[in-house]
*Asks:* 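First, the structure itself, so that you have it in front of you.
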Amino acid sequence: PARALPRPAVLAAAGVLLLLSLLLVAAPWQAQHDITRAGAVFRQRPFEAYSRLHRAGKLDPVSDQPALIAGSIALRYGDLPRARTQFEDALDRNPRGEYATLELGAIASVQGDRARATALLRRAVALAPRDYTAREVLQVVREGGTVDIAALNRRILSAGQALTQG
């Protein structure tokens with residue numbers, strides 16, 4: 001016959017399950033809190049923002065949002081190696097990420113890797129075929145030009161603001 005577990009073992013197992021449940025709920029909440037704080041401090045303290053985004057990525061290993069934001073901050077400061085690493089991490093988490101793909105294509109263009117830029121930008125257009133900006137950037141690279149990342153990001157920001165304003 002099956003033996004009943006001793007009461008302390010049952011209570012310990014229940015306690016472990018409760019703790020794991022709390023962690024599953026608290027981790028995404030803490031990750032979102034870190035993302036929000038990073039957005040609030042990146043202008044004055046970019047390295048604190050990077051640290052918070054790194055922690056958010058560890059707390060929510062599925063989300064590409066922390067890496068996307070860290071990559072965008074790095075672009076703002078002209079840190080292309082960090083931006084590239086962050087956008088690559090975002091694509092590892094979300095292989096269909098059009099924004100990360102577009103930014104990596106722009107970075108490759110600036111770094112003089114036209115073949116990689118073209119391949120990434122073609123992929124960005126395939127992921128978002130109605131995105132006029134992606135098509136235009138691809139055309140610039142196909143014609144031998146170099147992407148102006150600051151102008152690209154101003155355009156993306158402007159388009160995003162237009163969408164939210166209705």
*Asks:* In Å and rounded to the nearest 0.5 Å, what is the CD to CG distance from E103 to L75?
*Replies:* 5.0 Å

*Asks:* In this structure, would V62 and I69 fall into the same cluster of hydrophobic residues linked by side-chain contacts under 4.5 Å?
*Replies:* no

*Asks:* Taking atom OH as the centre, does Y132 end up with more than 12 heavy-atom neighbours from other residues, nucleotides or ligands that are less than 6.0 angstrom away?
*Replies:* no

*Asks:* Check T101 against A124 and note the closest heavy-atom contact, atom names and distance.
*Replies:* CG2-N, 3.6 Å

*Asks:* Under the ring-ring contact (aromatic ring centres under 6.0 Å, His included) test, which residues partner F42, sequence neighbours left out?
*Replies:* none

*Asks:* Sequence neighbours left out, what passes side chain to side chain contact (heavy atoms under 4.5 Å, CB included) with T133? Give chain and number order.
*Replies:* D131, V137, L152, R155

*Asks:* Which pair of heavy atoms, one from I73 and one from A49, lies closest together, and at what distance?
*Replies:* CD1-CB, 4.1 Å

*Asks:* Once you round to the nearest 0.5 Å, how far does CG of L102 lie from CZ of F87?
*Replies:* 9.0 Å

*Asks:* Enumerate, atom names and distances included, each donor-acceptor pair closer than 3.5 Å involving a side-chain atom of residues 111-118, sequence neighbours excluded.
*Replies:*
unit_1, atom_1, unit_2, atom_2, d
Q111, OE1, R84, NH1, 3.4
D113, OD1, R116, N, 3.1
R114, NE, V141, O, 3.0
R114, NH2, R142, O, 2.8
R116, NH2, E88, OE2, 3.3
T118, OG1, R114, O, 2.8

*Asks:* List the atom pairs, with distances to 0.1 Å, where a side-chain N or O of residues 143-151 and a protein N or O form a donor-acceptor pair under 3.5 Å, not counting sequence neighbours.
*Replies:*
unit_1, atom_1, unit_2, atom_2, d
E143, OE2, Q139, NE2, 2.9
D148, OD1, A150, N, 3.2
D148, OD1, A151, N, 3.1

*Asks:* Is there a side-chain contact between Y50 and R82 in this structure, where contact means two heavy atoms from C-beta onward sitting under 4.5 Å apart?
*Replies:* yes

*Asks:* Taking salt bridge (charged side-chain N to carboxylate O under 4.0 Å, His left out) as the definition, give me every residue that meets it alongside R93, ordered by chain and number, with sequence neighbours left out.
*Replies:* D89

*Asks:* Listed by chain and number, what are the side chain to side chain contact (heavy atoms under 4.5 Å, CB included) partners of D34, not counting sequence neighbours?
*Replies:* Q30, R52, R55, A56, L59

*Asks:* Measuring from L120:CG to I107:CD1, what's the distance to the nearest 0.5 Å?
*Replies:* 9.5 Å

*Asks:* If every non-hydrogen atom of D60 is compared with every non-hydrogen atom of A31, which pair is closest and at what distance?
*Replies:* CB-CB, 3.9 Å

*Asks:* How long is the span from the NZ atom in K58 to the CG atom in L53, to the nearest 0.5 Å?
*Replies:* 13.5 Å

*Asks:* Over all heavy atoms of both residues, which pair between A40 and Q44 is shortest? Give the atoms and the distance, please.
*Replies:* O-OE1, 3.6 Å

*Asks:* Got more than 12 heavy atoms from elsewhere within 6.0 Å of CZ, R96?
*Replies:* no

*Asks:* Test of understanding: clusters of I, L, V, M, F, W, Y form through side-chain heavy atoms closer than 4.5 Å, transitively. Do I35 and L157 belong to the same one?
*Replies:* no

*Asks:* Can you give me the closest heavy-atom contact between P129 and R135, atom names plus distance?
*Replies:* O-NH1, 2.8 Å

*Asks:* So, taking the atom named CZ in R123 and the one named CG in L104, what distance separates them when rounded to the nearest 0.5 Å?
*Replies:* 12.0 Å

*Asks:* Out of curiosity, Q32 CD to R37 CZ, how far, rounded to the nearest 0.5 Å?
*Replies:* 14.0 Å

*Asks:* Donor-acceptor pair, distance only, cut-off 3.5 Å: does the side chain of T85 make one with the backbone of P81?
*Replies:* yes

*Asks:* Could you pull out the closest heavy-atom pair between A70 and Q86, with the gap in Å?
*Replies:* CB-OE1, 3.4 Å

*Asks:* Under the criterion side chain to side chain contact (heavy atoms under 4.5 Å, CB included), I'd like the reasoning laid out for Y99 against I156: C-alpha separation, chi angles, the key distance, then a yes or no.
*Replies:* CA-CA 9 Å; Y99 175 66; I156 292 168; 4.0 Å; yes

